[in-house]
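So that the names make sense, note that chain A is the first sequence line, chain B the second, and so on, each numbered from 1. Here the structure is a predicted model, which means the values were calculated and not measured.
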2 protein chains.
Amino acid sequence: MEKMSFGQILEEKGLKKTKVRMALLHHFLQLKHAQSYNDLQLALKNEIDKSTLYRNLTSFEQAGIIHRINDHSGTSKYAFGELPKGGQDHAHFVCENCETVYCMEVSTPLQLNVPKGFKTKNVQTIIKGICSKC
Amino acid sequence: MEKMSFGQILEEKGLKKTKVRMALLHHFLQLKHAQSYNDLQLALKNEIDKSTLYRNLTSFEQAGIIHRINDHSGTSKYAFGELPKGGQDHAHFVCENCETVYCMEVSTPLQLNVPKGFKTKNVQTIIKGICSKC
DNA sequence: AACATAAATGCAACGTAGTTGCATTTAAAA
DNA sequence: TTTTAAATGCAACTACGTTGCATTTATGTT
Ligand SMILES: [Mn+2]
Ligand SMILES: [Mn+2]
Ligand SMILES: [Zn+2]
Ligand SMILES: [Zn+2]
């Protein structure tokens, strides 16, 4: 279960091993930061149809291969890996300078106290600031 | 400074006291939850032009009369009141059932530890769950 | 009160992110 | 090899919001 090939990942999720998906997966694995639709199109030299790419991003997300990030920029970002169950222990750092979106493992789960009668299912945090490269 | 009329609020911010703004302000003050563009149009019986409404939402936001909320639904919500400086002590609760967006005062400021070299400017949190009415 | 001026409004056209319908192709199973 | 459902590509479409521009209105000055 440690070293899975692209094909194995897709097979495990019940997704057909297509050219587009293999290329997409290849790029996701070697890119460190969250990617936008445009980032991916650029990386893949615009060889993939728009709707095909969007549909695959949705499939990958549903299969838990990637997760979708709302960084408040107006366009979604996508990063490799599934969100932890409940989404509690994951946050995203958005650099105000270079716009890079980093996935952050949150060591201490945030404890937000909500009013009586409110039931928390999931906490999603966006941290804005300046990244180590800027 | 306690009880300000709509007109006084606008005057204080250097905004002209127009029909549209008075109506908009009237609705913001009596609605408890965050409102979408569509909510507001409905409340105002579609009497306001789309661009006028959007422009006023932006003006109100810049003047600190309201704040804009990204609830990850794809459309912005707007709520009365300015965000606290730095945006640290405010979070939003989104009900997964009725979609209502609540402003939450966060008592204990969230402490997220970011990696070395990262500088946090601002933390924005969306809590998803079930509200007390659902 | 009448005038001047800048700001606000309304309308239409535009932009961008993402979605959908449908005909064609392709992966994979029989 | 044949079959079948899933994936692809293309074009058209939707939703949310923005922009340019002519007209109107609020407000300050005479
Ligand atoms: Mn992440
Ligand atoms: Mn709020
Ligand atoms: Zn940066
Ligand atoms: Zn609810």
Side-chain angles (χ1 to χ4, degrees), chain A residues 5-27 34-63 65-78 94 99 101, chain B residues 5-28 34-63 65-78 99 101:
Chain A
S5 70
F6 304 157
Q8 285 174 315
I9 293 176
L10 293 173
E11 197 171 353
E12 191 205 27
K13 304 295 185 179
L15 295 171
K16 281 187 181 174
K17 181 183 150 184
T18 66
K19 245 183 166 200
V20 169
R21 284 178 181 158
M22 293 298 272
L24 194 50
L25 215 38
H26 177 80
H27 277 280
Q35 303 288 307
S36 67
Y37 164 82
N38 281 321
D39 294 337
L40 292 164
Q41 277 296 24
L42 197 70
L44 297 162
K45 295 170 184 169
N46 281 281
E47 281 163 0
I48 303 180
D49 176 72
K50 179 164 62 155
S51 51
T52 300
L53 179 41
Y54 274 120
R55 283 191 281 233
N56 276 319
L57 289 171
T58 302
S59 303
F60 281 13
E61 189 192 8
Q62 284 168 356
I65 298 172
I66 62 173
H67 60 283
R68 184 187 304 253
I69 304 160
N70 183 327
D71 66 355
H72 301 193
S73 74
T75 68
S76 291
K77 302 284 182 302
Y78 306 86
V94 181
E99 241 104 275
V101 176
Chain B
S5 70
F6 304 156
Q8 285 174 314
I9 293 175
L10 293 173
E11 197 171 351
E12 191 205 25
K13 305 294 184 179
L15 295 170
K16 281 188 182 175
K17 184 183 148 183
T18 67
K19 249 185 162 198
V20 169
R21 285 177 181 160
M22 293 299 273
L24 193 52
L25 216 38
H26 177 81
H27 277 280
F28 263 121
Q35 304 288 306
S36 66
Y37 164 83
N38 282 321
D39 294 337
L40 292 165
Q41 277 296 22
L42 197 69
L44 297 164
K45 296 167 184 171
N46 282 280
E47 281 163 1
I48 304 179
D49 175 73
K50 181 164 60 156
S51 51
T52 300
L53 179 41
Y54 274 119
R55 282 191 280 231
N56 275 319
L57 289 171
T58 302
S59 303
F60 281 14
E61 190 193 8
Q62 284 169 356
I65 296 172
I66 62 173
H67 61 282
R68 184 187 302 252
I69 303 160
N70 182 328
D71 66 354
H72 301 193
S73 73
T75 69
S76 291
K77 303 283 182 303
Y78 306 85
E99 240 105 276
V101 176

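For the residue pair S36(B) and N38(B), no side-chain donor N or O sits within less than 3.5 Å of a side-chain acceptor on the partner.
Comparing dG10(C), dA12(D), dG17(D) by their nearest atom to the side chain of Y54(B) picks out dG17(D). Considering only the side chain of D49(B), dC11(C) comes nearest among dA17(C), dT8(D), dC11(C). Out of dG17(D), dG18(C), dT8(D), the shortest distance to the side chain of K50(A) is found at dG18(C). Each of dA5(D), dG18(C), dT19(D) was ranked by its minimum atom distance to the side chain of R55(B); first place goes to dT19(D). Among the nucleotides dG18(C), dC16(D), dA27(C), the one closest to any side-chain atom of K16(A) is dA27(C). Between dG9(D), dG17(D), dT9(C), one nucleotide has an atom nearer to the side chain of R21(B) than all others, and that is dT9(C).
Between the R21(A) side chain and the N56(A) main chain, no donor and acceptor come within less than 3.5 Å of each other.
Note: OH (Y78(B)) to P (dC16(D)) measures 11 Å, nearest angstrom. Rounded to a whole Å, the CG atom of N46(A) is 12 Å from the P atom of dG9(D). If you measure from atom OH of Y37(B) to atom P of dA15(D), you get 13 Å, rounded to the nearest angstrom. At whole-Å resolution of the value, CZ in F60(B) and C1' in dA8(C) are 12 Å apart. If you measure from atom CE of M22(B) to atom P of dA7(C), you get 20 Å, rounded to the nearest angstrom. As rounded to whole Å, 11 Å separates atom P of dG18(C) from atom CG of L40(A). Nucleotide dG10(C) holds its P atom 12 Å from the CG atom of L24(B), rounded to whole Å. Between the C1' atom of dA29(C) and the NZ atom of K17(A) lies a distance of 16 Å, rounded to the nearest Å.
Taking only side-chain nitrogens and oxygens, N38(A) never comes nearer than 4.0 Å to OP1 or OP2 of dT16(C). Checking the phosphate oxygens (OP1, OP2) of dA7(D), no side-chain nitrogen or oxygen of T52(A) falls inside 4.0 Å. A close approach under 4.0 Å does not occur between any side-chain nitrogen or oxygen of T18(A) and OP1 or OP2 of dT26(C). A close approach under 4.0 Å does not occur between any side-chain nitrogen or oxygen of S51(A) and OP1 or OP2 of dC10(D).
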*Output, in order, the C-alpha distance, side-chain angles, deciding distance and verdict of side chain to side chain contact (heavy atoms under 4.5 Å, CB included) for E99(A) and D71(A).*
CA-CA 9 Å; E99(A) 241 104 275; D71(A) 66 355; over 6 Å; no

Run K13(B) and F60(B) through side chain to side chain contact (heavy atoms under 4.5 Å, CB included) and show every step you take. CA-CA 9 Å; K13(B) 305 294 184 179; F60(B) 281 14; over 6 Å; no

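None of R68(B), K77(B), R55(B) except one satisfies the salt bridge (charged side-chain N to carboxylate O under 4.0 Å, His left out) rule with E61(B); the exception is R68(B).
Remark on DNA chain D: of its neighbouring residues S76(B) and L15(B), the 5'-side contact belongs to S76(B), judged by nearest-heavy-atom nucleotide. Judged by closest nucleotide on DNA chain D, E47(A) is the one of E47(A) and G74(B) placed further toward the 5' end.
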